[in-house]
Number of protein chains: 2
Amino acid sequence: MLRDAILDPQGNTIKKSLNSLGFKNVKSVRQGKLIEIDLNTSSSNKEKKNIEKMCEDVLTNSLTEKYKIKFLK
Amino acid sequence: MLRDAILDPQGNTIKKSLNSLGFKNVKSVRQGKLIEIDLNTSSSNKEKKNIEKMCEDVLTNSLTEKYKIKFLK
């Protein structure tokens, strides 16, 4: 997801489309990426550092983007 | 997010990149979109139908994509 201070033209376009299609109560839209990763491991604690490293080094641009990590099971 | 039966070349490319960069325990990756919508309303129950309609009609292609709705507050 783009940081709050960064303009999101794609989200803005979605907002305008929704508004013009009758969804008038949409105030703002921000668009980001969702990446679901399946790991060969059982312990989510052990992997947290590893996943953070993936996010910082590969998956996001920390200058413009923020990220959240969520373990599904 | 693409349905499970649909090939996800973008996710596959991310998986290969992560593997080749040393994250060997990544088994599979699927990539989707995250859309954060700010609404002019206080009751999330009242809006659920409305948001479902947005997802079905505008935001997703139900043939190839699945979606989840989550209320943040």
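This is a predicted model, so every value here is computed, not measured. Chain A is the first sequence line, chain B the second, and so forth, proteins listed ahead of strands; every chain is numbered from 1. Reckoned from all heavy atoms, side chains included, excluding hydrogens, waters and symmetry mates.
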Exercise. Honestly curious: do A/Phe71 and A/Ile37 fall in one hydrophobic cluster under the side-chain, below-4.5 Å linking rule?
Worked result: yes
Exercise. Are A/Ile69 and B/Phe23 joined in one hydrophobic group, where the rule is that I, L, V, M, F, W and Y side chains link up if heavy atoms are under 4.5 Å apart?
Worked result: yes
Seminar exercise, completed: Checked B/Asp38, B/Leu39, B/Asn50 vs chain A; the most non-hydrogen pairs under 4.5 Å come from B/Asp38
Exercise. Checking heavy atoms, do the side chain of A/Gln10, its backbone, both or neither come under 4.5 Å from chain B?
Worked result: neither
Exercise. Using a heavy-atom distance cut-off of less than 4.5 Å, which residues of residues 12-22 of chain B contact chain A?
Worked result: B/Ile14, B/Leu18, B/Leu21
Exercise. Under 4.5 Å, heavy atom to heavy atom, which residues of residues 24-36 of chain B contact chain A?
Worked result: B/Asn25, B/Val26, B/Lys27, B/Ser28, B/Val29, B/Arg30, B/Gln31, B/Gly32, B/Lys33, B/Leu34, B/Ile35, B/Glu36
For this session: Could you list who else is in A/Leu7's hydrophobic cluster, with ILVMFWY side chains joined at under 4.5 Å, directly or through other members?
Result: none
Exercise. Which residues in residues 54-63 of chain A have any heavy atom lying under 4.5 Å from a heavy atom of chain B?
Worked result: A/Met54, A/Val58, A/Leu59
